[in-house]
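All figures in this text were calculated on a predicted structure; none of them were measured in a lab.
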Amino acid sequence: MLLLAAAFLVAFVLLLYMVSPLISPKPLALPGAHVVVTGGSSGIGKCIAIECYKQGAFITLVARNEDKLLQAKKEIEMHSINDKQVVLCISVDVSQDYNQVENVIKQAQEKLGPVDMLVNCAGMAVSGKFEDLEVSTFERLMSINYLGSVYPSRAVITTMKERRVGRIVFVSSQAGQLGLFGFTAYSASKFAIRGLAEALQMEVKPYNVYITVAYPPDTDTPGFAEENRTKPLETRLISETTSVCKPEQVAKQIVKDAIQGNFNSSLGSDGYMLSALTCGMAPVTSITEGLQQVVTMGLFRTIALFYLGSFDSIVRRCMMQREKSENADKTA
């Protein structure tokens, strides 16, 4: 009986592997494709642009700082594989005025053709305890991290649906999968991207347009360095339980998943576990992916409970140390 059950399981898994390619989207060819990267003047965004350029794509870089854009353009052009490739730079704040963003996208399409892939990488992180953060910080992060992804996506989606081809990438964060101490403003804005992506994928999938949500871990970028300057002790100690990744490594994985049309893009064992734990009703690219999530869910939830216990312990220790220090100051 056990042999029969084992044989059935093996046959079922083999069937899944055979069927999976039939339901997976056709990979997007990057040679000659037009890729728009917001927040492309530095960090992960610039590395994504370089990775796409290495594969023969035409690039439109969108960011606020014109000087940084021009510097990034020079760096990207060093990786050309043919003399026809172009890097176009456009300075605009993608979170402020939709009409302005729409006009910028139109300009880019007039020069380099329809957008084949949009990478929403513009964003920022601010950490602090809930009661210490200004209300304006919540508004600013929601504007930059969420609306800064909505506006460019809204500007390209109609053309992608008409052409029956396209990829839209939303760069969230592992803090968009798990709310952590100090990230009440940041996590909320990154969680919002997940909801947008799931709903949008259901709308555009029949048109052969695929959405990818990337959940990078802490990454060695200028933005991360700036964030660390004001990060609460609890947040820093929790962050230090995992390693810091290189932006080039993150960019390669995001581009790979976007080309394949994978809804989820994560990195490393922690990223894989978080993605399985938080999959919920998220779409899958293959039956195999869904099966893996079903099989690993219980184990990963058990591991996650130990992580959560460790994080709670960090917060409690910091609170006790702070209170002890305050009492010592009062009696001094």
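No donor-acceptor pair under 3.5 Å is formed between the side chain of Glu289 and the backbone N or O of Val284. At least one donor-acceptor pair under 3.5 Å links the side chain of Gln201 to the backbone N or O of Val209. No donor-acceptor pair closer than 3.5 Å links the side chain of Asp220 to the backbone N or O of Pro247. One N or O on the side chain of Arg167 and one on the backbone of Ile259 form a donor-acceptor pair closer than 3.5 Å. Judged purely by atom type and a 3.5 angstrom limit, Lys73 uses its side chain to pair as donor or acceptor with the backbone of Val87.
Taking a cutoff of 4.0 Å between a charged side-chain nitrogen and a carboxylate oxygen, Glu226 and Arg229 qualify as a salt bridge. Ion pairing of Glu110 with Lys106 is absent here, as no side-chain N (NZ or NE/NH1/NH2) approaches a carboxylate O to less than 4.0 Å.
Smallest separation of non-hydrogen atoms from Ser41 and Lys46: O-CD, 3.9 Å. The two atoms that bring Cys245 and Pro217 nearest to each other are SG-CG, 3.4 Å, heavy atoms only. Minimum heavy-atom separation, Leu61 to Leu69: CB-CD2, 3.7 Å. Taking both residues in full, the closest heavy atoms of Leu30 and Met117 are given as CD2-CE, 4.0 Å, listed atom of the first, atom of the second, then distance. Here the shortest heavy-atom pairing between Ser239 and Asp218 reads CB-OD2, 3.3 Å. The minimum heavy-atom distance between Thr137 and Leu133, with the atom names listed, is CG2-CD2, 4.3 Å.
Taken to the nearest 0.5 Å, the OH atom of Tyr215 stands 14.5 Å off from the CG atom of Leu267. Atom NE2 of His34 is separated from atom CD1 of Ile59 by 8.0 Å, given to the nearest 0.5 angstrom. Annotation: the span from Asp93 atom CG to Arg64 atom CZ amounts to 5.5 Å, rounded to 0.5 Å.
Using a 4.5 Å cut-off between side-chain heavy atoms of Ile, Leu, Val, Met, Phe, Trp and Tyr, with links allowed through other members, Tyr210 and Ile193 fall into different hydrophobic clusters. Using a 4.5 Å cut-off between side-chain heavy atoms of Ile, Leu, Val, Met, Phe, Trp and Tyr, with links allowed through other members, Val315 and Leu308 fall into the same hydrophobic cluster. Side-chain heavy atoms closer than 4.5 Å link hydrophobic residues (I, L, V, M, F, W, Y) into clusters, and following such links, possibly through other members, connects Tyr98 to Val94.
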Ser275/Asn264 under side-chain hydrogen bond (donor to acceptor under 3.5 Å, both in side chains): CA gap, chis, key distance, verdict:
CA-CA 7 Å; Ser275 295; Asn264 178 84; 3.1 Å; yes
Stepwise salt bridge (charged side-chain N to carboxylate O under 4.0 Å, His left out) check, Arg194 with Glu198:
CA-CA 6 Å; Arg194 162 79 176 263; Glu198 286 191 13; 2.4 Å; yes
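Shown are Val119, Leu200, Val150, Thr212; of these, the side-chain contact (heavy atoms from CB on, under 4.5 Å) with Phe170 is made only by Leu200. Partner of Asn120 under the side-chain contact (heavy atoms from CB on, under 4.5 Å) criterion, out of Ile168, Val169, Val213: Ile168 alone. Val92 pairs in a side-chain contact (heavy atoms from CB on, under 4.5 Å) with only one of the listed residues (Asn103, Ile105, Val104), which is Val104.
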All N/O donor-acceptor pairs, side-chain side in residues 181-188, below 3.5 Å, sequence neighbours left out:
unit_1, atom_1, unit_2, atom_2, d
Ser187, OG, Ala175, O, 2.8
Ser187, OG, Phe183, O, 3.3

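With hydrogens and angles left out, the side-chain atoms of Asn327 and Lys324 include no donor and acceptor closer than 3.5 Å. Between the side chains of Gln253 and Gln249, no donor-acceptor pair is found at a separation under 3.5 Å.
Screening residues 297-313 for side chain to side chain donor-acceptor pair (under 3.5 Å), with sequence neighbours left out, gives Asp270-Tyr307, Ser313-Arg317.
Contact check for Leu274 versus Ser266: no side-chain heavy atoms found under the 4.5 Å cut-off. A 4.5 Å side-chain heavy-atom check between Ile157 and Glu203 finds every atom pair outside the cut-off.
Annotation for Met297: atom CE counts as buried by contact number, over 12 foreign heavy atoms lying within 6.0 Å.
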